[in-house]
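Only one structure is covered here, and it is reproduced in the block below.
We count residues from 1, following the sequence as given. Order of listing sets the numbers, starting from 1, for every ligand and every atom in it. All figures in this text were calculated on a predicted structure; none of them were measured in a lab. Both backbone and side-chain heavy atoms feed into the values below; hydrogens, waters and symmetry mates do not.
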Amino acid sequence: MSEVVTAGEAMVLLLPPRQGYLRHQPYLEVRVGGAEANTAVALARLGFSVSFLTFLGQDELGELVLNRLRAEGIQVFSKRTRAPTGLYLRECLPSGRGRVFYYRQGSAASFMHPESFSPELLNEAKLFHLSGVTPALSESTRSFTRWILQEARKRNVVVSFDVNYRKKLWVPEEARVFVEDILPLIDILFLSEEDAVLWSEEGFEREEELLGALSAKGPREVVLKRGKRGALGFSNGSFLESRGFPVKEVDPVGAGDAFNAGYLAGFLWGHPLEERLKLGNALGALAVTNLGDYEGAPSREDLFGFLAEDLSLDR
Ligand code: ATP
């Protein structure tokens, strides 16, 4: 049994090693990605025992995902189905703008449903983490989300949820209504500035008002991720800003998932809000310095080396 449990869709990622239109790429790198899987890898690298619950196809891509996640020390509980493992491709246009192409409609993970897994997997967990990508996959995963959050709640497992709005998967109103509905089941809520746009018509003049309003509906902690500027946290009635680390951004994808892992690691280590935000910013910064969804995630030793600004050559 693991101290951290996550669930969601892990996909094979085909990533061009160079900038330019996908159509001109002579080859693509085969990697793995997916919001909760990225957070799972980062937490496992920091030394936590992590379980990941998912559905994978009975296909070679499913084997690939399984191998990579297991190689990171994650305990994967996967049901193998006839539906295929999800796939996604990324592209970095000559302008620098990134594009993503999903081949995940009808994928194995989109069939996750209530009671897909034994809820006893949560028995010894300290933390359960999920992102808004999972309920966006299908009606079935939406029901799964409610079910597993309730099961976690029943067992007093701390529930963490990242809004992680994906406009290619559902419309803003649908996402906002769903997230508001599950807020009473959430302890720690993460959102990015893009996610905050879901509440743009509510008339909040300041970010603090939005965070306070979300917290009033359930989560005792709400964290707004602000890209390279860092993050704003709300906990125990007070707000705290934390600046991002100045790094050279190579690939922005996965920063939010890494941030979550850093913040949650700080939570599990019993650190105060200031330290949790700092750890989140450190993991987010390290994530963007590397190509790939989770490859920049540090070991505990590398993380503390980074925080100590020991960037000298290790020789
Ligand atoms: P994702 O692309 O994974 O969905 P997100 O939109 O959820 O990311 P961001 O706000 O872009 O989240 O980034 C998450 C965190 O990563 C930030 O709060 C910050 O700590 C860190 N971060 C992101 N971009 C940079 C950067 N260019 N330099 C330093 N830190 C960064």
Side-chain angles (χ1 to χ4, degrees), residues 6 8-11 13 15 31-43 88 90-92 96-100 102 129-134 136 160-170 172 175 179 188-199 207 210-211 214 221-234 239-266 273-298 303 306-307 309 311:
T6 64
E9 176 163 47
M11 295 169 288
L13 160 63
L15 184 68
R31 299 180 182 231
V32 165
E36 295 90 350
N38 300 339
T39 301
V41 169
L43 283 167
Y88 94 107
R90 292 220 257 124
E91 174 184 58
C92 180
R97 193 167 71 86
R99 287 204 296 193
V100 168
Y102 292 133
H129 175 73
L130 201 69
S131 96
V133 173
T134 297
S160 143
F161 186 85
D162 184 351
V163 175
N164 227 342
Y165 175 63
R166 293 285 179 267
K167 64 175 184 292
K168 288 195 172 175
L169 299 179
W170 52 353
V179 171
I188 304 174
L189 179 74
F190 297 102
L191 72 164
S192 67
E193 286 179 318
E194 278 170 81
D195 298 334
V197 175
L198 293 179
W199 287 274
E207 288 167 333
L210 169 61
L211 268 57
L214 292 171
E221 295 182 21
V222 184
V223 181
L224 177 71
K225 295 173 270 183
R226 293 166 151 173
K228 66 180 175 199
R229 290 188 298 127
L232 172 68
F234 178 69
F239 292 95
L240 197 67
E241 281 186 287
S242 179
R243 266 190 293 151
F245 289 83
V247 290
K248 187 169 178 294
E249 184 179 296
V250 173
D251 177 6
V253 176
D257 308 325
F259 178 100
N260 300 343
Y263 186 94
L264 295 172
L273 180 63
E274 185 181 358
E275 200 62 27
R276 300 203 286 275
L277 292 170
K278 189 173 173 185
L279 290 166
N281 282 328
L283 259 84
L286 287 166
V288 304
T289 58
N290 250 75
L291 202 58
D293 279 27
Y294 60 66
E295 283 79 349
L303 170 62
F306 175 77
L307 290 171
E309 290 182 326
L311 303 175

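Considering Leu273, Leu279, Asn281 in turn, Leu273 is the only one that fulfils the side-chain contact (heavy atoms from CB on, under 4.5 Å) rule with Tyr263.
Under the ring pair (Phe, Tyr, Trp, His ring centres under 6.0 Å) criterion, Phe234 pairs with Phe239, not counting sequence neighbours. Listed by chain and number, the residues in a side chain to side chain donor-acceptor pair (under 3.5 Å) with Glu274 amount to none (sequence neighbours excluded).
Within the 4.5 Å cutoff, the side chain of Tyr88 has heavy atoms near those of the Val100 side chain.
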Ligand 1: which protein N/O atoms lie under 3.5 Å from its N/O atoms?
| unit_1 | atom_1 | unit_2 | atom_2 | d |
| --- | --- | --- | --- | --- |
| ligand 1 | 3 (O) | Gly254 | N | 3.2 |
| ligand 1 | 3 (O) | Ala255 | N | 3.2 |
| ligand 1 | 3 (O) | Gly256 | N | 2.8 |
| ligand 1 | 8 (O) | Gly256 | N | 3.1 |
| ligand 1 | 10 (O) | Gly227 | N | 2.7 |
| ligand 1 | 18 (O) | Gly230 | O | 2.9 |
| ligand 1 | 20 (O) | Asn281 | OD1 | 2.6 |
| ligand 1 | 27 (N) | Glu249 | OE1 | 2.7 |

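Counting heavy-atom neighbours within 6.0 Å of Glu275 CD, excluding the residue itself, gives a total above 12.
A salt bridge (Lys or Arg N to Asp or Glu O under 4.0 Å) check over residues 281-296, counting only residues at least two apart or in different chains, returns the pairs Arg31-Glu295, Arg90-Asp293.
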